[in-house]
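Remember, predicted model here, so these are calculated numbers, not experimental data. Naming convention: chains lettered A, B, ... in sequence-line order (proteins, then strands); numbering from 1 in each chain.
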Protein chains: 2
Amino acid sequence: MDEHGTCGHHDHAHGDHAHGHGHGPVRTADLVARAERLAQDLGLQFTALRRRTLEVVAEEGRPLGAYDIAERLSAPGKRVAAVSVYRALDFLTEHGLVHRIASRNAFVPCEHGHGAGESAVFLICRSCGSVDETISAEIERSLDRTLAQAGFKPASRIVEIEGECGACQGRGEASRTEPC
Amino acid sequence: MDEHGTCGHHDHAHGDHAHGHGHGPVRTADLVARAERLAQDLGLQFTALRRRTLEVVAEEGRPLGAYDIAERLSAPGKRVAAVSVYRALDFLTEHGLVHRIASRNAFVPCEHGHGAGESAVFLICRSCGSVDETISAEIERSLDRTLAQAGFKPASRIVEIEGECGACQGRGEASRTEPC
DNA sequence: GTCCGGCCTGTTACAGTGTAACGACCGGGC
DNA sequence: GCCCGGTCGTTACACTGTAACAGGCCGGAC
């Protein structure tokens, strides 16, 4: 559907710091380590499927759909169904290891080890397809104030901004779909 | 999928407009009038399909999916395909007459005649399914500041808060799915 | 040991979401 | 007249997401 750029194709084998892309230095290993610690602490099962799902998402430099993930997890003899991926993603999102980008129906690794209360702002670049996750206490405060005033008790927050990232503004704007 | 109550249609006439918009029934007639004026001014075609689509969305008190709309627009002999509804919705969203709720894949009427620059905050109640649209200059400012700092040039903004609306907090929490 | 129950995964089936492509119709402008 | 642009009907298709059921695995109770 939205084959935005072949941003994350560089297969840089490994060893070099897995800065997947533009500015998302989510290191897969760090994220996996965090997951393992979390599972340990809470008595949860960080299964192979969940781990591989997390790795796939972390290694891509842009949001991945569930079916894309399923495809990447599948091998000639061994097909992974999307429904299994959804279940793994449920687990991962529930525990803050990946985030769902509602406006794209796609998933990105969590770039912060944010506390439960904090909510992120996602900056989605239309040119290169990258997603940057930031946190702003100021925005949180404004939101809290507005919500309180409206008598609304928030449970989850979605803040997604689409536009053009700094890197893409530099290069010729419409230099389409190129990796950052 | 989500048959959340038949919420809309409360004329809570009196004045506790805490946040300047009275989350009441968007007057369908007003919205249609606005559309007609807009089409007139810009030389656009406010066709029957677009008008009926707008009316259906405006008359419902909660977000409607494209297929729901198609169903409501269809009559025994005359079926309206979802794809036509999508095209009408494209037109309506493009011109700020309806909004898309990304987290629900559904549409609500615009409750403000907001200027192009302004972006809305949507308060989505998990209990009754209603959606309240508010605008906060403070939030806009915080966002702008964060975006500028990140060197990100925004094109569109999505802010959606899920939780429990004031009315539903009063009544027994889990009295789910009841009209407000 | 066996049995049981919970959790995870595989599988099938299905409903909902969204777009692409083609053709017809209708309104001007020329 | 003819063309051109925009709208709409139709078909087809791909993607998104959930429900339901079955099998496996593991740990605890007995």
(message) For the residue pair A/Ser156 / B/Glu162, report whether a side-chain donor-acceptor contact shorter than 3.5 Å exists.
(response) no
(request) Tell me, please, which residues at least two apart from A/Glu138 pass side-chain hydrogen bond (donor to acceptor under 3.5 Å, both in side chains). (result) B/Arg145
(request) Output all residues satisfying ring-ring contact (aromatic ring centres under 6.0 Å, His included) with B/Phe91, sequence neighbours left out; order by chain, then residue number. (result) B/His95
(request) Grab the CZ-C1' distance between A/Phe91 and C/dC7 for me, whole Å please. (result) 12 Å
(message) For D/dG9 and B/Ser84 - does any side-chain N or O of the residue sit under 4.0 Å from the phosphate oxygens OP1/OP2?
(response) yes
(message) For D/dC4, give the paired nucleotide (Watson-Crick: N1-N3 plus N6-O4 or O6-N4; G-U: N1-O2 and O6-N3; both under 3.5 Å), or none.
(response) none
(message) Tell me every residue that passes salt bridge (Lys or Arg N to Asp or Glu O under 4.0 Å) with B/Asp144, counting only those two or more places apart in sequence or in another chain.
(response) B/Arg157
(request) Drop me the distance from A/Ser142's OG to B/Glu140's CD, to the nearest 0.5 angstrom. (result) 10.5 Å
(request) Starting at atom OH of B/Tyr86, determine the distance to atom P of D/dA12, rounded to an integer number of angstrom. (result) 19 Å
(request) If a pair satisfies side-chain hydrogen bond (donor to acceptor under 3.5 Å, both in side chains) and one of its residues is in residues 37-58 of chain B, list it, with sequence neighbours excluded. (result) B/Glu36-B/Arg51, B/Arg51-B/Glu55
(request) For A/Thr134, check side-chain hydrogen bond (donor to acceptor under 3.5 Å, both in side chains) against everything at least two apart and list the hits. (result) none
(message) Pairing check on C/dG27: which nucleotide meets the Watson-Crick or G-U wobble criteria with it, both distances under 3.5 Å?
(response) none
(message) If I take atom CZ in residue A/Arg104 and atom P in nucleotide D/dG17, what distance separates them, rounded to the nearest angstrom?
(response) 14 Å
(message) Any residue in residues 38-52 of chain B with a heavy atom nearer than 4.0 angstrom to DNA chain D? Just list them by number, or reply none.
(response) B/Gln45, B/Thr47, B/Leu49, B/Arg50
(message) If the cut-off is 4.0 Å, is A/Asn105 near the phosphate of D/dG17, judged by side-chain N/O to OP1 or OP2?
(response) yes
(message) Taking the nucleotide of DNA chain C with the nearest heavy atom to each, does B/Arg100 or A/Val83 sit closer to the 5' end?
(response) A/Val83
(request) Please collect all side-chain hydrogen bond (donor to acceptor under 3.5 Å, both in side chains) contacts where either partner lies in residues 82-94 of chain B, sequence neighbours excluded, each pair once. (result) none
(message) Without decimals, in angstroms, what is the distance between A/Phe107 CZ and D/dC15 C1'?
(response) 13 Å
(request) Go through residues 73-80 of chain B and report each residue with a non-hydrogen atom lying under 4.0 Å from DNA chain D, sorted by number. (result) B/Lys78, B/Arg79
(message) If you go through the side-chain atoms of B/Arg87, does one of them form a donor-acceptor pair with the base of D/dG6 closer than 3.5 Å?
(response) no
Write out a two-atom table: protein N or O, nucleotide N or O from nucleotides 25-28 of chain C, distance below 3.5 Å.
none

(request) Decide, yes or no, whether a salt bridge links A/Arg104 with A/Glu160 under the criterion of side-chain N to carboxylate O below 4.0 Å. (result) no
(request) Nearest whole angstrom, please: distance from the P of C/dG18 to the OH of A/Tyr67. (result) 15 Å
(message) Heavy-atom nearest nucleotide on DNA chain D for B/Ala88 versus A/Asp90: which residue maps closer to 5'?
(response) B/Ala88
(request) Taking side chain to side chain contact (heavy atoms under 4.5 Å, CB included) as the test, write out the residues that go with B/Arg100, two or more places apart. (result) B/Asn105, B/Phe107
(request) Could you tell me which residues satisfy ring-ring contact (aromatic ring centres under 6.0 Å, His included) with A/Phe152, sequence neighbours excluded, listed by chain and number? (result) none
(request) Give the other cluster members for A/Val83, using side-chain heavy-atom distances under 4.5 Å between Ile, Leu, Val, Met, Phe, Trp and Tyr residues; answer none if it is isolated. (result) none
(message) In this structure, how many angstroms lie between the P atom of C/dA15 and the CG atom of B/Asp68, rounded?
(response) 14 Å
